[in-house]
Peer 1: 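Have a look at this one.
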Amino acid sequence: MSKRDDLIEKYAADLKEKCNVSADMDFLRKVTIGCGPSIYNRDASTVSASDKSELETVKNNFLIKKLGLSDGPALDEAIDAVMDQYDRSTKAKYRAVVYYLLAKHFKKESVYNK
């Protein structure tokens, strides 16, 4: 297996164990590929729920730019809900898992079918 495949398996396990979600493996693969080389960087591959600037980056770069959503309180509420679902006690949350959950929350899977 490739390193990316190993990571996708790790993300699927996190979804199951920490979020109680059975991963759509095809969609998880697309989201992981969409994260680019950041998945291989220890710091860039994770999101800290306690870092406001990092959550702003998720909102601006992923929700607004990638998914095409309009800024508003619904975005912050969704990020907060995903952080709760992922278990706030998990210090470093995988970026691909956070993006997967957010894309599913907003029903924006079609963004990855282009």
Peer 1: Rounded to the nearest 0.5 Å, how far does OH of Tyr40 lie from NZ of Lys3?
Peer 2: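 The OH atom of Tyr40 is 7.5 Å from NZ of Lys3, to the nearest 0.5 Å.
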Peer 1: Run Ser48 and Lys91 through side chain to side chain contact (heavy atoms under 4.5 Å, CB included) and show every step you take.
Peer 2: CA-CA 7 Å; Ser48 170; Lys91 188 170 180 156; over 6 Å; no
Peer 1: Who pairs with Phe27 by ring pair (Phe, Tyr, Trp, His ring centres under 6.0 Å), at least two apart in sequence or on another chain?
Peer 2: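 Phe27 satisfies ring pair (Phe, Tyr, Trp, His ring centres under 6.0 Å) with Tyr100, Tyr112 once adjacent residues are dropped.
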Peer 1: Could you tell me whether Asp43 atom CG has more than 12 heavy atoms of other residues or ligands within 6.0 Å of it?
Peer 2: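 No, CG of Asp43 has 12 or fewer neighbouring heavy atoms, counting only those of other groups under 6.0 Å.
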Peer 1: Side chains of Lys59 and Asp76: closer than 4.5 Å at any heavy-atom pair?
Peer 2: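 The answer is yes; the side chains approach within 4.5 Å.
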Peer 1: How many angstroms lie between OG1 in Thr32 and CD1 in Ile8, if you round to the nearest 0.5 Å?
Peer 2: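 Result: 4.5 Å between the selected atoms.
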Peer 1: With rounding to the nearest 0.5 angstrom, report the CD to CG distance, Glu109 to Asp26.
Peer 2: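 It comes to 11.0 Å.
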Peer 1: Between Val47 and Ile33, is there a shared hydrophobic cluster once you connect ILVMFWY residues whose side-chain heavy atoms come closer than 4.5 Å?
Peer 2: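 Hydrophobic grouping puts Val47 apart from Ile33.
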Peer 1: For Tyr86, give me all partners under ring pair (Phe, Tyr, Trp, His ring centres under 6.0 Å), at least two apart in sequence or on another chain.
Peer 2: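 Here no residue qualifies.
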Peer 1: Could you tell me whether the side chain of Lys104 reaches within less than 4.5 Å of the side chain of Val21, counting heavy atoms only?
Peer 2: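 The answer is no, as the side chains (C-beta and beyond) never meet within the 4.5 Å cut-off.
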Peer 1: Starting from the C-alpha separation in whole Å, work towards a yes-or-no answer on side chain to side chain contact (heavy atoms under 4.5 Å, CB included) for Leu15 and Leu101.
Peer 2: CA-CA 9 Å; Leu15 280 164; Leu101 292 169; 3.7 Å; yes
Peer 1: Got a salt bridge between Lys93 and Asp14, using NZ or NE/NH1/NH2 to carboxylate O under 4.0 Å?
Peer 2: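 Looking at Asp14 together with Lys93, the answer is no, because their closest N to O distance does not fall below 4.0 Å.
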Peer 1: Find out whether Glu77 and His105 are in side-chain contact, i.e. whether some heavy atom of one side chain is under 4.5 Å from a heavy atom of the other.
Peer 2: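 No. Closest side-chain heavy atoms not under 4.5 Å.
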Peer 1: Kindly determine whether Lys18 and Val97 satisfy side chain to side chain contact (heavy atoms under 4.5 Å, CB included), including the steps that lead there.
Peer 2: CA-CA 10 Å; Lys18 296 179 180 162; Val97 174; over 6 Å; no
Peer 1: Evaluate Val58 against Leu102 for side chain to side chain contact (heavy atoms under 4.5 Å, CB included), listing each step before the verdict.
Peer 2: CA-CA 10 Å; Val58 169; Leu102 286 167; 3.7 Å; yes
Peer 1: Report the C-alpha distance between Arg88 and Asp84 in whole Å, list the side-chain angles of each, state the deciding distance to 0.1 Å, and finish with yes or no for salt bridge (Lys or Arg N to Asp or Glu O under 4.0 Å).
Peer 2: CA-CA 6 Å; Arg88 286 198 183 267; Asp84 285 341; 2.6 Å; yes
Peer 1: Closest approach of Ala96 and Cys35, non-hydrogen atoms and distance?
Peer 2: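 Closest heavy-atom pair between Ala96 and Cys35: CA-SG, 4.0 Å.
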Peer 1: Find the distance between CZ (Arg4) and CG (Leu7) and round it off to the nearest 0.5 Å.
Peer 2: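 Answer rounded to 0.5 Å: 10.0 Å.
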Peer 1: Between Asn41 and Ser38, do the side chains contain a donor N or O and an acceptor N or O under 3.5 Å apart?
Peer 2: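 Looking only at side-chain atoms, Asn41 and Ser38 do not form any donor-acceptor pair under 3.5 Å.
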Peer 1: Please round to the nearest 0.5 Å and tell me the distance separating atom CD of Glu54 and atom OG1 of Thr46.
Peer 2: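 The distance works out to 6.0 Å.
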Peer 1: Mind checking the CG-CG spacing from Leu55 to Leu75? Nearest 0.5 Å is all I need.
Peer 2: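 Reported to 0.5 Å precision, the distance equals 12.5 Å.
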Peer 1: Report all side-chain donor-acceptor pairs from residues 61-70 shorter than 3.5 Å, counting only partners two or more places apart or in another chain.
Peer 2:
none

Peer 1: Does any N or O in the side chain of Arg95 come within less than 3.5 Å of the main-chain N or O of Ala44, such that one atom is a donor and the other an acceptor?
Peer 2: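 Side chain of Arg95 to backbone of Ala44, a donor-acceptor pair under 3.5 Å: yes, one is there.
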